Amino acid sequence: MRNNVPVDAAGPPEGIDFSLWGKSEGLPPGVRYPLACHLLDAAAAAEALWRDHVSPGVHETIAHGLDTTVDHAGTLIRHWAGLHDIGKITHGFQGQDATAPIRGYPAAEHRKAHDHVAAEWLQCALPEYGYPKDGRRPPTLMVAQLLGGHHGRFHQHVSVSSSAPLRALGYPDDAWETQRRLHLAAVTELLGHPAAPDQIDGTAAALVCGVVIQADWLVSQLSFIGRQLAGGLPATPGDLPRHLHRAREKVPALLGEAGLGRPAPRTGSFTAAFPSIDTPNGLQRSLAEHLPRLCEGPGLLLVTAPMGEGKTEAALYAAEVMGRAAGRCGLYVALPTMATADQMFTRVTTYLRRRNATPSTTTLLHGMAWLNPHYLSQQDTAPAEEQLPPDNPGSAEFRRLVEVSEWLRGRKRGLFADYAVGTIDQALMAALRSRHNVVRMLGLAGKTVVIDEVHAADSYMLALVTRLLNWLGRLQVPVILLSATLHHRTARTLIEAYLKGAGRRRNAAPIPTVAYPGWVYASAQSPHPVTVNPEPLETTQRKPLALHPREVSLTGDDTTALDRAIQEELAKLVEQGGCAAVIRTTVAEAQHTFHRIAEWSARHARATGTEPPEMYLLHARFPAQQRERVTEDIVHRLGANGAPNGQRPRSAILVATAIIEQSIDIDVDLMVSDLAPIHLLLQRSGRCWRHEHRGILARPAWATEPRLVVLAPHRTDAEDALPRGWSHIHHPSLLLRTHNLLRRWANQPVRVPEDVQELVDGMIDDTDLNPDNPHQDLDREATDLAYRSLGENAAIPPPGRATRDLYRLTDHDIDEAQVATRFGADTTRVVCCYSDSHGHRWLDEALSEELPETGELAHGGFSTGQVRAVLSRSLPVPGRWLEDHAEQAAPPETWLTSPHLCQIRLLVHRVGPDGSVHGPQLGGRRMYLDPRLGLVVEP
DNA sequence: AAGAAAAAAAAA
């Protein structure tokens, strides 16, 4: 470390110009907040964040990356935070405020954004303060770049080889330059001129940038600046120490209001964490017995087990053990969908409430979180809350312990809460080359990251998960992965990515194969031992599953044979009672089958003198509210609670798309499904006799075993036996392979979980499964590879390559649309509205509720109620459908001002004077919102 | 030509 800091220790230098401002927006006319004050505020905030908020484990990681002690790292970070806006001392920036002309400074052409100026100027100025500019990882470059990135995007290094580099870059030796140097000197002096580090690791620099941004966001709040202004501003440089002192006094309260604390470790046994579980099951016992001994620092835990084996509780317990061992006691639970995230939020908050005696913050993170009634801020309190029992997440008492500050509800800040639950996308955005990704990475760094249902990720998303694990391993963040079915190679790839980030050598011993069901624990600390559960896991006894392929013609306009096949499977149900689900591949097929089965079952019931079965239809193309209602209904009638309460129908048939594959807790006596890849079929079969082990259901006599009938084509050798649309949903290679696999297993019941891994691995690896179409397998592999490389391209580079240059973390020489957490998601949300003969538009067919065209809030803004009324009727359609019909589908112009409404499009239905309804014709498609079927599309 | 489900998008 160097110590040649050229600053006079006698006090801050004279001549600082307090009319140079740092903040003016939102302040009263003519009032501007001096830059020097803002810089010291940010330094004070960074200091407090480091002291009171950053996790002990993150302290270590950053200090290690700066090759110094935790204390010295803190001094450096507060110093750097105090320099972040130094680029505002330019004619370009100061001239922005037209109300105050600049006096005594030369004009300049120079118009670079102030963050860019910081990056350039500091690169030249820091060496005078002892920052090395040569070597493998010159700290000068790293610090300049990380401060230049405080708006969320990094700038490229400039080459500064000329003898007068600053002049060459457009910073001549003028009054501006004098002020920049004075500010730099004053801030450095006031913050104790810490010695420059010898080297800086890029991943640590990324986290430090996150801290600087967090500090800047905190002290840029108008309420805080207002308080600082009210306390009086410094008049001379001699007043600056007092300003810093005042900022230091105020900042802890600022962190408190924002909800930024440090979660306390949760300690105790499994039974203490889950008092409602009398006897932990095999998985939970195994982890409780072995994990505490294995965890001596950070690591990765992968758990593979079928649904219903208590994986969530096991993960929450493991997170306590692993978080404590790694000094990161926060928690992020990531799920594949918004619906599953909502459910998990309730479970996790209930658990945390039991585990935390002191108030803590928990956020729910996804695009529609604000619609969740359990996730309200203190401001919009539900009036009925007082009557709720204290255990209900909506109750006042509950919220006192699980609180969310307004600040944490702001964009991109939710991961700074102690605990968070949300979509996997929210975690993946930390690993995307998108703006402010370092803010998210910092949020994750202080937590144990749990990713539930990893199997739900496609190859694009898996590439992003892999890169994220790479970084989390490097940053020593504990990770827990949960999966129902996972190809063994995928499991290995994920573990390797984490360990590689943690520094594992390529030639290290191979990762042992994961047994199913089972768990693997990989230590992030050298020599990176990997442990597989020592004894086989005891699992819930399940009856073997009969997987029965039923071959029938699936192509062509005539569906008689197909309809009849389904009817034959369901005949006994109609006659004797029972519940079944039929899963079709496309929405149109589900609508068609629903229609046919409803007609037939009514007829057949009449003929046999029984009650017709209740019919349900579920797919994504229903208005949101209706979809939710149907879902609730199904779970209520066919779920675990229906049986004991007498809610289970005598007979019922649910027709659905793959939408019921995830997150719907129902139990059917029989399932019929279109052909799909085996891991998805197994996932679906999880709803067959799901609650059998609880012994709460009386099965009809015809249902002697859990049975999944798979509707498959006659032939297994050619693609044209499959309906054309299917190939866009599942690769034909996987469908034909699965079909052959099913034929092989047709007379042999599938034991769950024992046979699952063999089936899942076999579908991909067995060379005999698709002998006639080698080109098809190649095509699938090529497609997978393409998706994977698209994911890798959208992701930040691996931590090793980021160590020398942060630019690649956020550069935008790739298309914005390519930087997404999901690939090819071209979805538009539409609302079906109804236009009467006068051209008035309504939200309902009965013309009783108007389409909101003007906002009812003060400045024409739309109220939550109005937004909710529209969004609750919205449904997703492929964007392509609306492509050439912008005008026809255009929403009211006033919607463009609302971030929630501006993306919504309209499907205008005309209502005639006689009440007849006509849906819109968009190009070759006629659409109509059918009250029973959802959005029907006719070609 | 044709299509499950899934998420997100404003910061100082």
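No experiment lies behind these values; they were computed from the predicted model shown. Order of the sequence lines fixes the chain letters, A, B, ..., with proteins taken first and strands second; residue numbering starts at 1 for each chain.
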Looking only at side-chain atoms of [X], point me to the closest of [options].
{"X": "A:Thr657", "options": "B:dA5, B:dA12, B:dA6", "result": "B:dA5"}
{"X": "A:Arg440", "options": "B:dA8, B:dA6, B:dA9", "result": "B:dA9"}
{"X": "A:His436", "options": "B:dA8, B:dA12, B:dA4", "result": "B:dA12"}
{"X": "A:Lys412", "options": "B:dA8, B:dG3, B:dA11", "result": "B:dA11"}
{"X": "A:Ala620", "options": "B:dA6, B:dA12, B:dA9", "result": "B:dA6"}
{"X": "A:Met429", "options": "B:dG3, B:dA5, B:dA9", "result": "B:dA9"}
{"X": "A:His728", "options": "B:dG3, B:dA4, B:dA11", "result": "B:dG3"}

Remember a base hit wins even if backbone is also touched, and classify [X] as base, sugar-phosphate or nothing at under 4.0 Å, heavy atoms.
{"X": "A:Gln903", "result": "nothing"}
{"X": "A:His730", "result": "nothing"}
{"X": "A:Val219", "result": "nothing"}

Between [N] atom [atom2] and [X] atom [atom1], what is the distance in whole Å?
{"X": "A:Gln426", "N": "B:dA9", "atom1": "CD", "atom2": "C1'", "result": "11 Å"}
{"X": "A:Asn437", "N": "B:dA11", "atom1": "CG", "atom2": "C1'", "result": "15 Å"}
{"X": "A:Asp115", "N": "B:dA12", "atom1": "CG", "atom2": "P", "result": "9 Å"}
{"X": "A:Met927", "N": "B:dA2", "atom1": "CE", "atom2": "P", "result": "13 Å"}
{"X": "A:Asp458", "N": "B:dA4", "atom1": "CG", "atom2": "P", "result": "16 Å"}
{"X": "A:Arg433", "N": "B:dA8", "atom1": "CZ", "atom2": "C1'", "result": "19 Å"}
{"X": "A:Tyr460", "N": "B:dA6", "atom1": "OH", "atom2": "C1'", "result": "13 Å"}
{"X": "A:Phe416", "N": "B:dA11", "atom1": "CZ", "atom2": "C1'", "result": "13 Å"}

Ignoring hydrogens and geometry beyond distance, is the side chain of A:Arg413 in donor-acceptor contact with the base of B:dA12 at under 3.5 Å?
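Yes, the side chain and the base share a sub-3.5 Å donor-acceptor pair.
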With a 4.0 Å limit, can you tell me whether A:Arg435 has a side-chain N or O closer than that to the phosphate oxygens OP1/OP2 of B:dA9?
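Indeed not, no polar side-chain atom of A:Arg435 lies that close.
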On DNA chain B, does the nearest nucleotide to A:Ile659 precede the nearest nucleotide to A:Thr828 from the 5' side, or the other way round? Give the residue.
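Whichever sits nearer the 5' end wins; that is A:Ile659.
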Contacts of type salt bridge (Lys or Arg N to Asp or Glu O under 4.0 Å), residue A:Arg629, not counting sequence neighbours
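With neighbours one apart ignored, the set is empty.
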With a 4.0 Å cut-off, would you call A:Asp425 and A:Arg822 a salt bridge?
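Yes.
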Taking the basic N atoms (NZ, or NE/NH1/NH2) and the acidic carboxylate oxygens, is any pair closer than 4.0 Å for A:Arg925 and A:Glu883?
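Looking at A:Arg925 and A:Glu883, the cut-off is not met.
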Do A:His84 and A:His114 have ring centres separated by under 6.0 Å?
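Not under 6.0 Å, so no.
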Looking at residues at least two apart in the chain, or sitting in another chain, which of them share a side-chain contact (heavy atoms from CB on, under 4.5 Å) with A:Leu790?
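Partners of A:Leu790 under the side-chain contact (heavy atoms from CB on, under 4.5 Å) test: A:Tyr460, A:Gln818, A:Phe823.
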